[in-house]
Amino acid sequence: MPAKEITLASRDSLLALTQTIEAAMRLEAAGFAPRIVSMKTAGDIKLNAPLYSVAQQSGNKEGRAFFTRELDDALLSGRADAAVHSFKDLPTEKVPGIGEPYFFCEEHGSDVLLLGEKTVMSTDGAGLVIGTSSLRRIHQLQLVLPAARTVTLRGNVITRLEKLLAGENEINAILIAAAGLRRLTAFAEVPENRYAHLVVPAALEHIRRELARLAASEAARARAIELPERYFPTAPGQGVLALQLSAEAEARYSGAVAAVFAEHQQIARRVMQERRIMTELMTGCHAPLGVSALRGDEHRIVACFSRNSTTEPVSFSDSVWFERELGADSTAIAQELKLPREQ
């Protein structure tokens with residue numbers, strides 16, 4: 001029986017290609033013949049301002065699809081059958097003609113604070129200049145490290161590491177998702193002959209160059225402090241990958257794809273509760289909202305939210321943090337997040 005051909009769309013950063021190659025290798029092992037096409041998205045090109053600022057200028061719909069619109073277009077035009085995303089980047093609105101996501105390859109979603117070689121860590125963050133452009137991270141840093149200063153930092157993980165090591169804009173620390181760093185480090189150990197046939201020659205050369213940059217940036221590797229989600233909740237769905245099929249490919253392959261990503265249901269029970277809370281608050285991934293359903297035996301969900309924030313200038317007030325039972329009604333949790341502090 002001939003292999004089922006399937007084309008996967010991916011952003012062209014090394015991390016995105018790493019994630020798409022992971023999906024392609026699993027599909028190949030299940031009898032598919034995958035091929036990867038890569039492209040830049042608006043979020044990869046517009047790097048001259050914080051994400052939350054660019055998203056607002058672009059309008060709500062485009063802002064919520066900042067890293068996915070071009071991949072959606074590839075599915076809708078028939079140039080690709082599937083696309084691989086970081087789930088946290090997917091907009092909450094369903095796109096007609098594109099199926100529901102299949103979740104896979106879950107990593108712990110925690111953020112990690114990377115410190116420059118000579119950076120001294122104090123209990124209140126005094127002396128830290130932390131690169132990030134996430135409103136959620138800026139808000140939570142003000143709560144846990146009130147003496148630290150944040151500056152806008154955009155670009156892929158390797159670019160951010162390079163800017164940290166170069167001390168650009170006085171940056172001596174950066175805050176990023178630990179899952180991305182772990183995936184890149186693990187991918188660097190994968191022999192090239194296991195994935196070279198999945199990408200076009202130009203993409204393979206790009207991967208080689210990016211791996212060389214990663215190796216150079218890690219030569220003076222920054223010290224890492226992982227921030228537990230129990231105290232520093234993350235963006236809903238952080239650390240989880242998602243594959244979407246076009247409606248046409250869904251009709252052909254949905255059963256076979258579901259079997260490849262059998263962990264979907266287990267992951268969905270947790271991350272969809274995180275997302276439902278975000279939806280109930282009528283906000284999105286650029287908002288100062290952290291919500292983490294804790295893994296393991298803790299069966300708890302933690303949320304941190306600024307009910308009153310501005311971006312010009314950036315400011316936060318009326319912040320709330322609490323912990324509840326995992327599985328509690330998402331609407332009730334969202335409503336509680338809206339209550340005055342004394343309640």
Side-chain angles (χ1 to χ4, degrees), residues 10-11 13-23 25-26 43 51 66-68 71 83-92 100-114 132-137 140-141 156-158 160-161 174-188 190 214 224-244 261-279 284-304 323 326 330:
S10 173
R11 292 166 60 192
S13 73
L14 178 61
L15 179 57
L17 284 165
T18 294
Q19 296 170 169
T20 306
I21 288 169
E22 162 72 17
M25 291 170 68
R26 290 178 62 169
L51 270 177
F66 210 49
F67 292 110
T68 62
L71 275 64
V84 176
H85 306 277
S86 293
F87 176 52
K88 68 180 178 62
D89 294 333
L90 280 179
T92 54
E100 295 293 335
Y102 295 89
F103 301 133
F104 70 103
C105 197
E106 180 181 33
E107 285 269 6
H108 278 285
S110 57
D111 283 332
V112 61
L113 185 66
L114 300 178
T132 180
S133 66
S134 159
L135 275 184
R136 190 264 304 170
R137 288 176 174 137
Q140 291 172 211
L141 284 168
N156 61 39
V157 173
I158 302 172
R160 296 183 191 205
L161 283 168
I174 61 175
L175 187 58
I176 60 175
L181 194 58
R182 280 195 290 265
R183 287 188 174 116
L184 287 176
T185 302
F187 182 73
V190 177
L214 177 65
I225 300 174
E226 196 155 330
L227 308 181
E229 290 176 88
R230 186 159 204 157
Y231 307 105
F232 206 90
T234 63
Q238 183 164 302
V240 171
L241 303 184
L243 179 140
Q244 285 185 302
F261 304 112
E263 68 267 48
H264 166 81
Q265 290 296 339
Q266 181 178 351
I267 297 172
R269 281 192 291 272
R270 188 182 62 77
V271 299
M272 290 309 295
Q273 183 165 18
E274 296 176 350
R275 175 157 283 210
R276 281 193 297 271
I277 292 171
M278 181 180 75
T279 303
C285 62
H286 300 299
L289 169 68
V291 54
S292 291
L294 304 178
R295 297 157 177 79
D297 298 325
E298 296 179 90
H299 302 297
R300 308 290 284 175
I301 190 160
V302 180
C304 181
E323 184 177 327
L326 182 61
S330 301

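Excluded from the calculations below are hydrogen atoms, water molecules and symmetry mates; all remaining heavy atoms, backbone and side chain alike, are included.
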Q) Distance-only, no hydrogens or angles: does the Q244 side chain make a donor-acceptor pair with backbone N or O of A83 under 3.5 Å? A) no
Q. Taking all atoms of both residues into account, what is the closest heavy-atom pair of L289 and R136, and its distance?
A. O-CG, 3.0 Å
Q) If you take all heavy atoms of L90 and A242, which pair is closest and at what distance? A) CD1-CB, 4.0 Å
Q: Please name the pair of heavy atoms, one in R230 and one in V302, separated by the smallest distance, quoted to 0.1 Å.
A: O-CG1, 3.5 Å
Q) Does R26 pair with E263 as a salt bridge, N-O distance under 4.0 Å? A) yes
Q | From Y102 atom OH to L243 atom CG, the distance as rounded to the nearest 0.5 Å | A | 8.5 Å
**Q.** Flag side-chain contact, heavy atom, 4.5 Å: S10 against V84
**A.** no
Q.
Contact between P91 and T68 at the side-chain level, heavy atoms closer than 4.5 Å - yes or no?
A. yes
Q) With distance as the sole test, does R160 use its side chain to make a donor-acceptor pair with the main-chain N or O of L175 at under 3.5 Å? A) no
Q: Write down the atom of F87, the atom of G237, and the distance for their closest heavy-atom approach.
A: CD2-CA, 3.7 Å
**Q.** H108 and R182, any side-chain heavy atoms less than 4.5 Å apart
**A.** yes
Q) Rounded to the nearest 0.5 Å, how far apart are CZ of R275 and OG of S330? A) 13.0 Å
(Q) For a 4.5 angstrom cut-off between non-hydrogen side-chain atoms, does V190 reach I21? (A) no
**Q.** Spacing of Q265 atom CD and M272 atom CE [to the nearest 0.5 Å]
**A.** 11.0 Å
Q. Under 3.5 Å, side chain of Q140 to main-chain N/O of P233, donor-acceptor pair present?
A. yes
Q: Could you tell me whether the side chain of L15 reaches within less than 4.5 Å of the side chain of N156, counting heavy atoms only?
A: no
Q) Is a side-chain N or O of S86 found less than 3.5 angstrom from the main chain of K88, in a donor-acceptor match? A) no
**Q.** side chain to side chain contact (heavy atoms under 4.5 Å, CB included) between L214 and F187, intermediate numbers included
**A.** CA-CA 11 Å; L214 177 65; F187 182 73; over 6 Å; no
Q | Between CG on residue L227 and CG on residue L113, distance to nearest 0.5 Å | A | 6.0 Å
Q. Do E22 and Q19 pass the side chain to side chain contact (heavy atoms under 4.5 Å, CB included) test, and can you show the C-alpha distance, the side-chain angles, and the key distance before you say yes or no?
A. CA-CA 5 Å; E22 162 72 17; Q19 296 170 169; 5.6 Å; no
Q) What heavy-atom pair brings E106 and V240 nearest, and what distance separates the two atoms? A) CG-CG2, 3.8 Å
Q. Can the positive tip of R270 be found less than 6.0 Å from the middle of the six-membered ring of F103, inside 45° of the ring normal?
A. no
Q. Taking atom CE of M25 and atom OG1 of T20, what is their separation to the nearest 0.5 Å?
A. 13.0 Å
Q) Which value, rounded to the nearest 0.5 Å, describes the distance between L71 atom CG and R11 atom CZ? A) 8.5 Å
Q. Closest heavy-atom contact between E229 and S292?
A. OE1-OG, 3.1 Å
Q.
Between L181 and L161, is there a side-chain heavy-atom distance shorter than 4.5 Å?
A. yes
Q) Is any side-chain heavy atom of Q238 less than 4.5 Å from a side-chain heavy atom of D111? A) yes
